[in-house]
Amino acid sequence: MTIREFKMPDVGEGLTEAEILKWYVQPGDTVTDGQVVCEVETAKAAVELPIPFDGTVHELVFPEGTTVDVGQVIISVNVGGDAPAPAAAPAAPAPVQEPVAEAEEGPAGRQPVLVGYGVAASSTKRRARRTAGAAPAAVVPEQLNGHGTVTGAPKPLAKPPVRKLAKDLGVDLAAVVPTGPDGTVTREDVHRAAAPAAPVAPAAPAPAVAAPAPTPAPAALAAVAQGDARETRVPIKGVRKATAAAMVGSAFTAPHVTEFVTFDITRTMKLVEELKSDKDMAGLRVTPLLLIAKAVLVAVRRNPEINAAWDEAAQEIVLKHYVNLGIAAATPRGLIVPNIKDAHAQTLPELSKSLSELVATAREGKTTPAAMQGGTFTITNVGVFGVDTGTPILNPGESAILAVGAIKLQPWVHKGKVKPRQVTTLALSFDHRLVDGELGSKFLADVAAVLEHPKRLITWS
C-alpha cells in the first residue's frame with residue numbers, strides 16, 4: 001500500500017489557515033486527479049479543493065468545522081491500488097499526558113508556512129477537554145501511514161448525525177466518554193457532555209438567588225433554543241474576522257472624508273424600464289445599480305485621480321489606469337467585495353452580465369480570493385435595505401467608495417413646480433491623503449449629473 005498525503009494549500013495570498021466546511025468524500029471512496037474532495041473557508045472566501053492524484057481515500061485527518069494551518073495534511077490517499085490495511089491497535093495505553101496547548105492564533109512569533117511544507121508535530125497538539133466527574137482519557141499514540149510518518153490521531157467513533165450534533169452544540173467529540181457499542185459516541189453522550197453540571201445543594205437554607213443562565217457553547221446557536229440562555233457567543237473567524245481587521249485598519253489608517261448629494265434620478269429610472277425591453281439587452285438583468293456603475297465609470301474617466309491608491313512604504317500615490325469595480329455583497333459568511341476586472345472597458349451589456357455573475361457567485365458562497373483582489377473603486381448599495389444613505393468605510397488599498405441610498409418617490413421642484421419625483425442620495429467617502437475636497441466634490445457631482453441626465457452616458461463617454 002502506497003499512501004500519498006494532500007496538505008492544506010495556501011489558496012489566497014499568504015493565508016496561514018482555513019476551516020474545513022464540508023467533506024465530499026469518505027474513507028474507502030475512489031478519487032481521481034482534479035476531483036473536488038472538500039470545501040474550505042479562508043479569511044477571504046469559501047474555496048473547493050481538488051485532489052491532485054488518483055487513488056482510494058485512506059483517512060480524513062480532520063473533521064468538518066476544524067481550522068487547519070496551511071501545510072498540514074488534511075487527507076491521505078492510497079495510490080497503490082491495494083485496500084488500506086486496518087491500523088494496528090496499540091500494545092498498551094500510553095501514559096496520561098498533558099500536552100501544552102497553543103493559543104488559537106498560534107504561538108508567539110510564528111511565521112506563516114509555505115505551501116507544501118508542514119508545521120512541527122507539536123504545533124497541532126491541543127489540550128484535551130475534560131468532562132465533569134470523568135477521569136482524564138489516556139492519549140493514544142498517533143497513527144502511522146505506510147511510510148511510517150504521522151498522519152494524525154485516531155478520530156472518535158461516531159455516526160455522521162452525531163458528529164453534526166456535536167458540531168452544533170460545540171462539543172469536542174474527543175472529550176466525550178463513549179457508551180455505545182465498540183466505544184461509539186451516541187447522541188446521549190453528546191447531550192450529556194453539553195449539559196451544564198448539576199448544581200450542588202447548599203448545606204443550610206439560604207436566601208433564594210436566581211441562578212445564572214448557562215453559557216451556550218461557542219459555536220452553538222442552536223443551543224439557545226434548548227435552555228434559557230440570555231446570551232450567545234459566536235466566534236469571529238474566516239471572512240468575518242478578515243473583514244473586521246481590514247475595516248479597523250482602514251478606519252484608523254486612511255483619513256476618511258464623506259460628502260453627500262441628493263438629486264432627482266427619475267430620468268435614469270425611466271431609462272432602466274426602456275432598456276428592459278431593448279433587444280440589445282435581451283436576457284440580461286437591467287437594474288438601477290447597472291446604470292449607477294456605468295455613471296461611476298464615466299465619472300472616473302473625467303476624474304482619473306480618484307482611481308488611485310496610497311503606497312505608504314514608498315510615500316507615493318499610485319494612479320490606476322484601469323478600473324476593477326468592486327461591488328460590496330452581504331453573504332451568510334459576512335461582507336465581501338468581489339470586483340469586476342477592467343470594468344472600464346466593458347459595454348453596457350457586458351457590464352450587466354458581469355454584475356449578474358458577480359452577485360450570483362457571491363450568493364452561492366463561491367466567490368474566489370482572486371475575485372476579491374486588485375479592486376480600485378467600490379460601490380456599496382445600502383438602498384436595498386431601505387436606508388437613505390451612510391458613511392462607508394474605504395476598502396483597504398482603495399481611495400474612494402460610493403454608497404447608494406434608497407430611491408424614493410418624493411416631492412421635488414421640477415421645471416418650477418413641485419412634483420413627485422424619484423429621489424436618491426449618494427455618499428462618497430475618500431482618503432483625504434490623496435483625494436482633496438475639490439476632486440472628491442467634482443467626482444460626486446459628475447456621478448449625480450450623469451444619473452440626473454443619463455444622456456451624458458453618451459455625451460461624456
Side-chain angles (χ1 to χ4, degrees), residues 5-25 36-49 59-76 99-129 142 150-156 158 163-176 216-223 232-246 331-334 336 365 367-369 372:
E5 298 171 332
F6 179 54
K7 300 177 181 180
M8 177 69 74
D10 179 357
V11 294
E13 293 183 347
L15 299 177
T16 60
E17 63 181 17
E19 178 186 356
I20 298 176
L21 295 179
K22 184 177 182 179
W23 282 110
Y24 295 120
V25 296
V36 173
V37 294
C38 69
E39 181 182 23
V40 302
E41 182 181 27
T42 70
K44 295 185 177 181
V47 181
E48 292 182 333
L49 299 183
E59 180 187 15
L60 306 181
V61 180
F62 296 98
E64 295 175 356
T66 304
T67 298
V68 182
D69 291 332
V70 168
Q72 283 188 269
V73 176
I74 59 174
I75 182 175
S76 60
V100 177
E102 293 179 357
E104 190 64 22
E105 294 298 322
R110 179 173 182 173
Q111 300 297 319
V113 295
L114 299 175
V115 177
Y117 290 83
V119 293
S122 61
S123 68
T124 62
K125 302 281 186 189
R126 295 291 185 268
R127 188 183 300 278
R129 299 181 185 176
E142 294 177 312
V150 176
T151 62
K155 296 189 299 181
R163 291 186 182 278
K164 184 178 185 305
L165 174 64
K167 179 181 178 182
D168 292 341
L169 297 182
V171 173
D172 183 359
L173 282 176
V176 177
L221 292 178
T232 297
R233 293 181 178 268
V234 180
I236 303 300
K237 55 185 178 179
V239 174
R240 292 182 188 273
K241 181 178 179 180
T243 300
T331 72
R333 294 190 176 96
I336 63 174
T367 302
T368 65
M372 293 184 284

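- For the atom pair OG1 (Thr67) and CD (Glu41), the distance works out to 9.0 Å, reported to the nearest 0.5 Å.
- Residues Phe6 and Ile74 form a side-chain contact, since some pair of their non-hydrogen atoms from C-beta on lies under 4.5 Å apart.
- Ile75 approaches Trp23 most closely through the heavy-atom pair CB-CH2, 3.9 Å.
- No side-chain donor-acceptor contact under 3.5 Å links Glu39 to the backbone of Leu49.
- Between Leu21 atom CG and Glu64 atom CD the span is 8.5 Å, to the nearest 0.5 Å.
- Here the straight-line distance linking atom OG of Ser76 with atom CG of Leu60 works out to 8.0 Å at 0.5 Å rounding.
- For Glu48, the salt bridge (charged side-chain N to carboxylate O under 4.0 Å, His left out) partners two or more places apart in sequence, or in a different chain, are Lys366.
- Note that the CD atom of Glu19 and the CE atom of Met8 stand 9.5 Å from one another [nearest 0.5 Å].
- In terms of heavy-atom proximity, Val70 sits nearest to Glu17 at CG2-N, 3.7 Å.
- The shortest heavy-atom contact between Val68 and Ile20 is CG2-CD1, 4.0 Å.
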